[in-house]
K.L.:
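Provided herewith is a single structure, encoded as structure tokens, for subsequent inquiry.
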Amino acid sequence: MLMSRQLSATGSSKPIRPSPLSTATSIGAIQDRAVKMVGPKDGHEGLKLSGKVISAACFLPYSLGYRRGGEWELFPRRGSSALYDAIRSLSTEHSAWETTLVGWAGEIHELPAIKKPQSTPQEGQMPLLMSASFAPQMARTKSYHVPPPVPLIRHDGNRMTMTAEYGTQVDEEIKIYEEDRGDLEVMLAAKGKGAGWGNVVPVWVGDEEDGTMRLGGVDRWRNYAERVIWPLFHYILPQDFSPNEGSALQERSWWRDYVEFNSSFADAIMKIYQPGDIVWVHDYHLLLLPEMLRQRAGKDIYVGLFMHAPWPTSEIFKVLSRRKLILSGMLAANMVGFQSHTYKNHFISGCKRLLGYTESINADGHVTGVDTHGAHCAVEALPIGIDVEKLLKSAHSASISAKMEIIRNAYTGRQIIVGRDRLDSVRGVVQKLRAFEMFLDLYPEFVGKVVLIQVTSPSSLSQSSRIEHQVAELVSHINGKYGSLHFSPVQHYPQYLEPEEYFALLRVADLGLITSVRDGMNTTSLEYVVCQKNKHCPVILSEFTGTAESLTDAVIVNPTNTRGVADAIATCLSLKEEEKEYLHGKLYEYVITNTVQTWNSAFLYKLLAELSYQSTHPMTPEFNRRRFHEAYKLAGEGKGKRLFMFDYDGTLTPIVTDPDMAIPSDKVVRSIKMLAQDEGNQVWIISGRDQKFLEEWLGHIGELGLSAEHGCFIRMPGSETWENLAESMDMEWQKVAMEIFAKYTERTQGSFIERKSVAVTWHYRRADPEHGAFQARECLAELSSLMVKLGHEVEVMTGKANLEVRPKFVNKGEIAKKLIETSEVPPGLVFCTGDDTTDEDMFRALQKADLPKETVFTVTVGPSSKETEAAYHLLEPADVVDSIGLLVGTVTIEDIEKAGAEVKPSL
């Protein structure tokens with residue numbers, strides 16, 4: 001068996017490595033290992049950090065109870081313990097941060113009224129008046145056999161308001177008044193600080209009327225997140241939903257609610273936000289929040305986002321109809337974190353495939369993030385940990401030891417397998433039971449000697465009832481097949497466990513069994529490892545959990561391989577003590593080293609590193625079109641002409657998948673024509689396109705100069721004749737380039753060769769992004785080496801999803817240099833813009849030109865973080881076209897400035 005082979009390496013033939021438990025079993029040892037918490041001083045001084053972290057999570061750490069009349073009660077919220085431990089650890093005495101937790105106040109439960117002692121009325125006599133505390137309970141009575149309507153005291157003080165028609169009473173929708181909300185906010189602030197949360201701020205989402213808020217139907221705010229995003233992120237495709245949640249999803253209205261939900265969070269945060277604060281957004285309910293915050297606070301707000309849920313492949317993610325809006329919302333953060341490298345890679349792949357963005361790579365060749373049109377978003381894999389110190393204190397009390405003894409006595413002489421999962425299709429409870437049944441079938445020697453204690457907590461998904469029925473059938477089947485009158489091999493408890501019962505169960509277990517078919521980060525496995533610090537029993541972990549990439553010394557299984565899981569169960573229950581101690585020691589070492597405190601520090605360290613880099617790295621300033629317009633008018637008064645040089649693809653038109661479809665719009669053609677027809681201007685298109693394309697779409701503008709194939713051909717203004725600057729060159733290299741490109745075209749589906757008059761270009765824009773980029777690197781290395789070996793005077797250039805071979809002595813820079821040198825009078829103004837690496841030749845040539853610096857404007861098209869020789873940047877081709885429109889009078893400076901200041905419409 002696979003597990004046996006794995007364990008053989010740890011057998012007695014080799015010395016057992018000392019367990020880390022021997023040096024780190026106490027809480028004091030855990031504290032010694034704790035990393036120094038990253039603080040505001042660790043950021044660059046230019047960031048001017050305030051020292052405050054605002055954590056935005058969907059839910060408050062409390063469930064809220066409201067009693068009519070304005071009384072609130074707070075209860076600890078179940079679930080998401082790792083998230084709340086992480087947020088709380090930022091507020092400890094070891095932390096240098098001031099913290100605020102912002103969470104939704106929804107799902108408020110109505111509390112029963114408190115009955116006040118009162119005299120008992122005589123038989124057959126109804127009380128004439130009820131107290132306000134008793135009234136709500138009576139108001140919810142649903143009896144059709146009652147006397148005439150009962151007079152009640154209403155919130156507005158009207159003592160004799162009748163609440164229903166004769167003989168009937170109905171439920172009243174809860175209303176929360178403004179003063180009640182204020183009372184809760186004060187209570188949460190005090191309770192939060194006392195419990196170590198820092199300041200706690202509720203987010204109110206709902207319809208407000210006259211200062212009141214109706215809380216009926218609050219599930220609507222979670223529908224899109226939990227009925228669309230969550231299932232898809234766990235690989236449950238829409239067609240797998242029931243008819244009520246599939247084709248009739250009401251996705252449009254759910255999406256509107258999702259947008260409003262995120263917007264309410266943005267509004268609440270902006271009320272407390274101060275420049276220098278860090279906003280840390282958590283999970284899939286709030287994926288639009290980073291962009292909304294940036295729209296409200298501007299580009300200088302510091303935002304981090306962490307996805308606790310798994311992230312699917314791009315093929316799954318693109319099923320979402322709102323996929324681009326969600327990605328754009330997330331990429332507005334300075335950094336996005338994921339539970340594993342797999343999820344990180346899936347996200348980056350989706351950004352490349354669906355948005356056309358490029359990945360950023362550091363000097364070591366590691367992918368560090370995504371370059372968007374206007375900024376850089378760092379992307380990191382940062383698996384979350386647990387609060388080990390807290391767990392060790394909680395799991396080793398006297399009361400837990402007593403509960404452990406009760407469990408042991410109940411299953412004397414039997415090995416205990418423990419599972420605790422939420423009851424939905426992705427937690428793998430059904431797969432676990434099937435594997436357990438096969439285990440008993442294949443290994444009959446364990447029948448009657450092993451018990452599976454499976455605890456399942458309820459799920460909010462509608463499929464939960466179907467899974468519950470399936471689980472119940474399997475439990476009955478297994479117990480009927482392998483059980484007896486006095487023993488059942490499966491003990492199923494569909495309930496929440498109190499912490500003491502849960503820890504007792506983890507400590508007495510002989511095997512932890514986790515078979516999720518999709519999970520972000522299963523922290524139960526981490527808690528199991530800590531609780532087993534004395535017993536050293538193994539854990540079987542599904543490879544489809546984020547934890548599997550961290551706990552590499554666990555027994556990793558595919559839960560859909562029933563036989564494989566059954567074999568792993570048998571092997572783990574048969575391990576020798578030294579084998580168990582060795583394997584558990586490595587797991588324990590990882591868990592106590594990578595705690596939730598470590599995770600907090602790692603996330604903030606990475607975020608501050610990204611922010612510090614952005615604040616110190618030289619950014620290309622935005623092109624000031626107002627100043628340029630003034631310089632344009634001033635140059636018109638001089639003797640020299642104004643010289644304009646435009647690249648084509650990615651500069652005047654957007655980059656498209658099919659190069660033949662990148663035709664200029666009417667606006668582009670009209671603007672260029674008007675600019676070229678001004679006698680004071682000399683306008684050139686200097687492109688990598690061939691003569692045929694430029695002639696077809698722009699050749700009718702007689703005043704326009706054209707340069708094709710990166711300077712190999714030129715057509716002077718007023719001429720119809722093309723001059724071939726590479727005419728005298730030996731073109732034998734073209735055959736070599738064609739042969740190499742043909743080989744890689746066969747290897748790369750979707751790629752193609754463009755044979756121009758001189759240059760030869762290989763395009764892979766239509767290919768799979770990752771595969772195309774890999775093949776391009778291979779092709780570049782092979783082709784460059786071969787051309788040097790053969791002595792051809794050519795260079796292999798990398799462009800946007802293409803490779804091009806062209807003569808060395810001809811490039812765009814040479815054309816720019818020639819245009820300036822051949823001018824009878826030095827140009828009074830030079831404007832040069834492009835987006836590609838080939839355009840950098842023009843920028844470098846103009847830097848060396850003997851011209852007044854204030855008259856030369858070099859502009860790259862792309863983000864400010866882009867490495868370039870240009871002096872300025874514009875974000876996209878539309879900005880370039882508007883700049884031309886400004887000069888020819890079709891656009892005003894006010895139009896441009898207004899468009900730049902406008903916030904994009906709400907998603």
K.L.:
If we check side chain to side chain contact (heavy atoms under 4.5 Å, CB included) with Phe623, which of these qualifies: Val859, Thr858, Val880?
P.N.:
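Exactly one candidate clears the test, Val859.
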K.L.:
Please evaluate residues Arg765 and Asp658 with respect to the criterion salt bridge (Lys or Arg N to Asp or Glu O under 4.0 Å), reporting the C-alpha separation (whole Å), side-chain torsions for both, the decisive distance (0.1 Å), and the verdict.
P.N.:
CA-CA 8 Å; Arg765 196 172 297 155; Asp658 186 351; over 6 Å; no
K.L.:
Check Glu359, Glu770, Glu315 against Arg353 for a salt bridge (Lys or Arg N to Asp or Glu O under 4.0 Å) and give me the one that passes.
P.N.:
Glu770
K.L.:
Under 4.5 Å between any side-chain heavy atoms of Tyr872 and Thr860, yes or no?
P.N.:
no
K.L.:
Out of curiosity, Met292 CE to Ile269 CD1, how far, rounded to the nearest 0.5 Å?
P.N.:
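Reported value, rounded in 0.5 Å steps: 11.5 Å.
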K.L.:
State, yes or no, whether a side-chain contact exists between Pro807 and Trp733 at a heavy-atom distance under 4.5 Å.
P.N.:
yes
K.L.:
Looking at side-chain heavy atoms only, is the closest gap between Leu704 and Leu706 below 4.5 Å?
P.N.:
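The answer is yes, as the side chains (C-beta and beyond) meet within the 4.5 Å cut-off.
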K.L.:
Looking at Glu45, I want to see if its CD is surrounded by more than 12 non-hydrogen atoms of other residues, nucleotides or ligands under 6.0 Å.
P.N.:
no
K.L.:
Do any N or O atoms from the side chain of Thr890 and from the backbone of Leu886 form a donor-acceptor pair under 3.5 angstrom?
P.N.:
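A pair under 3.5 Å: no.
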K.L.:
Look only at the side chain of Glu709 and the backbone of Ala759, and say whether a donor-acceptor pair between them is shorter than 3.5 Å.
P.N.:
yes
K.L.:
Between Asp841 and Arg806, does any side-chain N to carboxylate O distance fall below 4.0 Å?
P.N.:
yes
K.L.:
If you look at every heavy atom in Tyr764 and Ala773, which pair is closest and at what distance?
P.N.:
CE1-N, 3.9 Å
K.L.:
Is it possible for you to check whether Arg747 lies under 6.0 Å from the centre of the six-membered ring of Tyr744, through NZ or CZ, and within 45° of that ring's axis?
P.N.:
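Yes, a cation-pi geometry.
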K.L.:
What pair of heavy atoms forms the shortest contact from Lys808 to Val794, and how long is it?
P.N.:
CE-O, 3.2 Å
K.L.:
Would you say the side-chain atoms of Asp678 pair up with the backbone N or O of Leu675, donor to acceptor, closer than 3.5 Å?
P.N.:
no
K.L.:
Hey, can you pull the donor-acceptor pairs under 3.5 Å for the side chains in residues 711-725, sequence neighbours left out?
P.N.:
from	atom 1	to	atom 2	distance (Å)
Arg715	NE	Ser719	O	3.2
Arg715	NH1	Glu695	OE2	3.0
Arg715	NH1	Gly699	O	3.2
Arg715	NH2	Gly699	O	3.3
Ser719	OG	Thr721	N	3.0
Trp722	NE1	Glu695	OE1	2.7
Asn724	OD1	Ala726	N	2.9
Asn724	OD1	Glu727	N	3.4

K.L.:
Mind checking the CZ-CZ spacing from Arg766 to Phe752? Nearest 0.5 Å is all I need.
P.N.:
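If we round to the nearest 0.5 Å, Arg766:CZ and Phe752:CZ are 4.5 Å apart.
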K.L.:
When you check the side-chain N and O atoms of Ser360 and His376, is any donor under 3.5 Å from an acceptor?
P.N.:
yes
K.L.:
Going from CZ on Arg625 to CZ on Phe857, what distance comes out if it is rounded to the nearest 0.5 angstrom?
P.N.:
13.5 Å
K.L.:
Flag the pair Phe693 / Tyr648 as yes when their ring centroid distance falls below 6.0 Å, and as no otherwise.
P.N.:
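Yes, the ring of Phe693 comes within the 6.0 Å limit of the ring of Tyr648, centre to centre.
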K.L.:
Short question: side chain of Asn262, backbone of Val259 - any donor-acceptor pair under 3.5 Å?
P.N.:
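No, the answer is negative, given that no donor and acceptor are paired below the 3.5 Å cut-off.
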K.L.:
Let me know which of Leu608, Val279, Leu49 forms a side chain to side chain contact (heavy atoms under 4.5 Å, CB included) with Tyr302.
P.N.:
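Passing option: Leu49.
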K.L.:
Are a donor atom and an acceptor atom from the side chains of Ser263 and Arg296 found within less than 3.5 Å of each other?
P.N.:
yes
K.L.:
Is a donor from one side chain sitting under 3.5 angstrom from an acceptor on the other, for Glu622 and His873?
P.N.:
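Their side chains do not contain a donor-acceptor pair, so the 3.5 Å distance test is not met.
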K.L.:
Whether the side chain of Lys756 engages the backbone of Gly688 through a donor-acceptor N/O pair (distance < 3.5 Å, no angle test) should be reported.
P.N.:
yes
K.L.:
If you round to the nearest 0.5 Å, how far is OH of Tyr258 from CG of Leu325?
P.N.:
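Between Leu325 CG and Tyr258 OH, I get 11.0 Å after rounding to 0.5 Å.
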K.L.:
How about Gln614 and Asn334: do any of their side-chain heavy atoms sit closer than 4.5 Å?
P.N.:
yes
K.L.:
So, are Lys673 and Asp666 salt-bridged, with charged N and O less than 4.0 Å apart?
P.N.:
no
K.L.:
Going by atom types only, do Glu804 and His710 share a side-chain donor-acceptor pair under 3.5 Å?
P.N.:
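Yes, side-chain donor-acceptor contact under 3.5 Å.
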K.L.:
Where is the tightest heavy-atom contact between Met645 and Leu643, given as atom of each residue plus distance?
P.N.:
CE-CD2, 3.9 Å
K.L.:
Going from OG1 on Thr892 to NE2 on His629, what distance comes out if it is rounded to the nearest 0.5 angstrom?
P.N.:
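Output value for this atom pair is 10.0 Å.
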K.L.:
With the threshold set at 4.0 Å, does a side-chain nitrogen-carboxylate oxygen contact exist between Lys800 and Asp835?
P.N.:
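Yes, Lys800 and Asp835 are salt-bridged.
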K.L.:
Answer whether the closest heavy-atom distance between the side chains of Trp311 and Lys344 falls below 4.5 Å.
P.N.:
no
K.L.:
When you look at NZ of Lys848, are more than 12 heavy atoms from neighbouring residues, nucleotides or ligands closer to it than 6.0 Å?
P.N.:
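Count not over threshold, so no.
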K.L.:
Can any side-chain N or O of Ser671 pair as donor or acceptor with the backbone N or O of Val668 at less than 3.5 Å?
P.N.:
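No, the answer is negative, given that no donor and acceptor are paired below the 3.5 Å cut-off.
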K.L.:
Less than 4.5 Å apart, side chain to side chain, heavy atoms only: is that true for Ile685 and Ser707?
P.N.:
no
K.L.:
Side chains of Tyr632 and Asn681: do they bring a donor and an acceptor to under 3.5 Å?
P.N.:
yes
K.L.:
If we ignore hydrogens and angles and just use 3.5 Å, is the side chain of Asp647 paired with the main-chain N or O of Thr651 as donor and acceptor?
P.N.:
no
K.L.:
So Lys817 and Leu846, do their side chains get closer than 4.5 Å, heavy atoms only?
P.N.:
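Leu846 does not reach Lys817 side chain to side chain.
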K.L.:
Are any side-chain N or O atoms of Ser784 and backbone N or O atoms of Leu780, one a donor and one an acceptor, separated by less than 3.5 Å?
P.N.:
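Checking the backbone N and O of Leu780 against the side chain of Ser784, a donor-acceptor pair under 3.5 Å is found.
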K.L.:
Any donor and acceptor pair, going by atom type alone, linking the side chain of Gln847 with main-chain N or O of Glu869 inside 3.5 Å?
P.N.:
yes
K.L.:
Any sub-3.5 Å donor-acceptor pair from Ser751's side-chain atoms to Thr748's backbone N or O?
P.N.:
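The answer is yes, because a donor-acceptor pair under 3.5 Å joins these two groups.
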K.L.:
Ring-plane angle category for Phe628 and Phe831, please: parallel below 30°, perpendicular beyond 60°, tilted otherwise.
P.N.:
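It falls in the tilted class, 30° to 60°.
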K.L.:
Considering only heavy atoms from C-beta outward, does the side chain of Pro275 approach that of Asp300 to under 4.5 Å?
P.N.:
no
K.L.:
Any chance you could measure Arg689, atom CZ, to Asp649, atom CG, to the nearest 0.5 Å?
P.N.:
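The CZ atom of Arg689 sits 4.0 Å away from the CG atom of Asp649.
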